[in-house]
Amino acid sequence: MTHSAFTEVNDRVAQAGEILGLKPGVIASMQSCEREVVISIPLHRQDDIQVLTGYRVQHSSARGPRKGGIRFHQSVDLDEVRALASLMTWKTALIDVPFGGAKGGVAVDPSTLSLLEKEEVMRRWTRSLVHVLGHQRDIPAPDMGTDSRTMAWLMDEFHRLEGFQPACVTGKPVELFGAPGREEATGRGVAQIAAATLEKSGAKVKGATVAIQGFGNVGRYAALVCQELGMKVIAISDVTGGVFNPKGIDIEAIFMHKTLEGVEVGERIGASDVLEIKCDVLIPAALGGVINEGNASRINADFIIEGANQPLTAMADKELRMNGVTIVPDILANSGGVMGSYFEWTQNIQQFSWPIDKFRRELDTRMEKAFGNVHKVSKKYSVDLRTAAFIVAVDRVSNAFEMRGSLV
Ligand code: NAD
């Protein structure tokens, strides 16, 4: 059987729906996507044209306008975008922000694009999809392979077509209607959740050893804040390889490096070796499916905090839990990003800017509340944290569905 990321999410939805006693039809409604748009993007490259495929999948608007990132990566396909769109529905419901779920992407290796080509791809993506976007319809944000600069191009293209609406996209540069604090929000949330998980389990935060896969937006800020909270980051990797230092890596000192290539702060290791390092906390913050049947038995951590979306396959998740590993699921662990996007969106609508301290305070308080709630529900139903998170989210979305009158 071929692996389907979307099927894995839908299995979680079904499981939570059954625990909540929902009708099969209600569960089925929440398992399908409201709208899926596939576009072609002809891109002028050298003296020819390369046709790229782009996507926007809107999974649910039951609780508000759809919200979700745009990924530029060679492995992007419809199944992955559906899975990620659906995860956004559950994430926004879990942390109780007034959004639904969506995701977009372009199947392209961003490292092969010049800056001008990347801008052209983003602008064409926006032009082709403008009819389904907007601050009250569907609000994109950065994801793998895209960043604040890419979002600035999206906003600029959207403004040309629809007029001034900075809330049409989040994760923008601070100089261009972005919110101070948004860029670090996902990684900050991941680190806060790691600390809260250690505390809840009676383990020490200070000196806890951490290994992180990914040195992009999520990984580098997670590493920095883990260090600020007193943890010791002993291994970190990106696509160029990794570094390991049992005495701890000074993340502040390497933070400004674009990649880890040539960074000499310990022993060089392979990009995926970091996953098998003996540590207290493992944070996969790069790709999906990196912890799977092939390497689950070699994972050497007590806690896994899912910085990336779907870094564990369902089989690996089961095996590791049976071995006593505590796993904090993506929809909770990396939800600081969409929480931060919510703050940016509200500030844009109000045309009012918060100081970064207020942003951080709000983020930390709300993440702590979401974490506490998931724990409470896991105790109530005697289930693991992922199942508990889906119970909270599926309950909220099905209630919204019912109250809207979409069901008889
Ligand atoms: P990014 O593009 O900024 O960084 C990705 C990182 O992964 C880079 O350091 C890259 O070198 C590394 N990487 C790629 N392939 C690798 C490999 N084979 N081995 C080791 N490292 C590898 O992306 P990001 O925004 O940090 O997103 C990372 C993950 O977090 C994705 O799953 C994304 O969906 C998820 N996420 C991101 C946000 C956000 O706000 N950016 C929010 C929630 C979830």
Side-chain angles (χ1 to χ4, degrees), residues 5 67-76 80-81 83-88 90-92 94-95 101 103-105 108-111 118 140-151 169-172 178-179 181-190 193 211-224 235-243 254-255 257-261 263 269-277 282-292 295 305-312 329-344 363 367:
K67 185 87 192 78
I70 306 171
R71 180 175 286 199
F72 283 6
H73 194 271
Q74 56 277 20
S75 71
V76 166
E80 181 184 82
V81 185
L84 294 168
S86 168
L87 279 179
M88 287 305 296
W90 313 117
K91 200 178 293 184
T92 52
L94 176 66
I95 61 169
K103 201 80 178 190
V108 64
D109 177 354
S111 68
K118 199 169 179 185
D143 192 76
M144 264 180 77
T146 58
D147 56 16
S148 56
R149 185 85 196 276
T150 336
M151 298 307 109
V169 57
T170 59
K172 301 179 292 294
R182 167 61 185 96
E183 186 174 282
E184 68 182 35
T186 313
R188 182 180 177 86
V190 169
I193 292 277
I212 302 178
Q213 187 191 45
F215 191 59
N217 175 270
V218 183
R220 73 175 61 219
Y221 279 107
L224 188 69
I236 188 156
S237 75
D238 69 6
V239 72
T240 67
V243 278
I254 63 167
F255 191 80
H257 287 265
K258 265 193 146 89
T259 74
L260 292 170
E261 195 170 14
V263 170
I269 54 171
S272 53
D273 295 345
V274 75
L275 299 170
E276 297 173 23
I277 295 280
L282 174 62
I283 303 178
L287 306 169
V290 290
I291 302 176
N292 47 48
N295 61 0
I305 315 294
E306 294 187 333
N309 285 311
Q310 292 190 298
L312 272 69
D330 45 11
I331 60 169
L332 174 61
N334 68 32
S335 62
V338 70
M339 185 79 85
S341 279
Y342 168 55
F343 299 160
E344 182 178 330
L363 183 78
M367 293 296 292

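Note that ligands are numbered from 1 as they come in the structure, with each ligand's atoms numbered from 1 the same way.
A salt bridge does not link Asp330 to Lys91: none of the charged nitrogens lies less than 4.0 Å from a carboxylate oxygen. Remark: Lys103 does not engage Glu80 in a salt bridge, criterion side-chain N to carboxylate O under 4.0 Å.
Neither side chain, Thr146 nor Asp143, offers a donor N or O lying under 3.5 Å from an acceptor on the other. Using a 3.5 Å distance cut-off with no hydrogens or angles, the side chains of Lys67 and Thr170 do pair a donor with an acceptor. Asp147 and Asn217 form no side-chain donor-acceptor contact under 3.5 Å, judged by distance and modelled atom types alone.
When each atom of ligand 1 is checked for a heavy atom of Phe215 under 4.0 Å away, the hits are 9 (O). Those atoms of ligand 1 with a heavy atom of Ala308 less than 4.0 angstrom away are 29 (C), 30 (O), 32 (O), 35 (C). For ligand 1, the atoms sitting less than 4.0 Å from at least one non-hydrogen atom of Gly307 are 30 (O), 35 (C), 44 (C), numbered in the order shown with element in parentheses. With ligand atoms numbered from 1 in the order given, ligand 1 contributes 2 (O) to contacts under 4.0 Å with heavy atoms of Gly145.
In terms of protein heavy-atom proximity, atom 7 (O) of ligand 1 is closest to Ala286 CB, 3.3 Å. Annotation: atom 33 (C) of ligand 1 to nearest protein heavy atom, Asp143 OD1, 3.2 Å. Of the protein's non-hydrogen atoms, Val239 CB, 3.8 Å is the one closest to atom 14 (C) of ligand 1. Nearest protein heavy-atom contact of atom 25 (O) of ligand 1 is Asn217 CB, 3.8 Å. Remark: minimum distance from atom 37 (C) of ligand 1 to any protein heavy atom is reached at Val218 CG2, 3.4 Å. The closest protein non-hydrogen atom to atom 21 (N) of ligand 1 is Asp238 C, 3.2 Å. With respect to atom 27 (O) of ligand 1, the closest heavy atom belonging to the protein is Met144 CG, 3.6 Å. Of all protein heavy atoms, the one lying nearest to atom 39 (C) of ligand 1 is Thr186 OG1, 3.5 Å.
Screening Pro311, Pro284, Ser272 for a side-chain contact (heavy atoms from CB on, under 4.5 Å) involving Ile291 leaves a single residue, Pro284.
For Ser237 (side chain) and Gly242 (main-chain N/O), no donor-acceptor pair under 3.5 Å exists by modelled atom type. No donor-acceptor pair under 3.5 Å is formed between the side chain of Ser148 and the backbone N or O of Lys172.
Annotation: Gly337 places no N or O atom under 3.5 Å from an N or O atom of ligand 1; distance criterion only. Considering backbone and side-chain atoms alike, Leu287 places every N or O at 3.5 Å or more from each N or O of ligand 1. Looking at ligand 1, you won't find any N or O of Gly214 less than 3.5 Å from one of its N or O atoms.
Residue-level proximity to ligand 1 for Gln213 is carried by the side chain, the only part with a heavy atom below 4.0 angstrom.
Within the structure, the closest approach of Arg182 to ligand 1 falls below 4.0 Å when heavy atoms are considered. Residue contacts with ligand 1 include Ala285, since one or more of its heavy atoms lies under 4.0 Å from the ligand. For the ligand labelled ligand 1, residue Arg71 lies inside the 4.0 Å heavy-atom shell.
For the atom pair CD1 of Ile283 and CD1 of Ile236, the computed distance is 9.0 Å after rounding to the nearest 0.5 Å. Atom CG of Leu275 sits about 6.0 Å away from atom CG of Leu282, to the nearest 0.5 Å. Expressed to the nearest 0.5 Å, how far CD1 of Ile277 lies from CD1 of Ile212 amounts to 12.5 Å.
Residue nearest to atom 1 (P) of ligand 1, selected from Gly216, Pro110, Gly68: Gly216 (by heavy-atom distance). Which of Asn309, Asp330, Ile331 comes nearest to atom 32 (O) of ligand 1 through a heavy atom is settled by distance: it is Asn309.
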Practice problem: Could you walk me through whether Arg182 and Phe343 pass the side-chain contact (heavy atoms from CB on, under 4.5 Å) test, one step at a time? | Solution: CA-CA 8 Å; Arg182 167 61 185 96; Phe343 299 160; over 6 Å; no
Quiz item: Given Lys258 and Phe215, is the side-chain contact (heavy atoms from CB on, under 4.5 Å) satisfied, shown in steps?
Solution: CA-CA 8 Å; Lys258 265 193 146 89; Phe215 191 59; over 6 Å; no
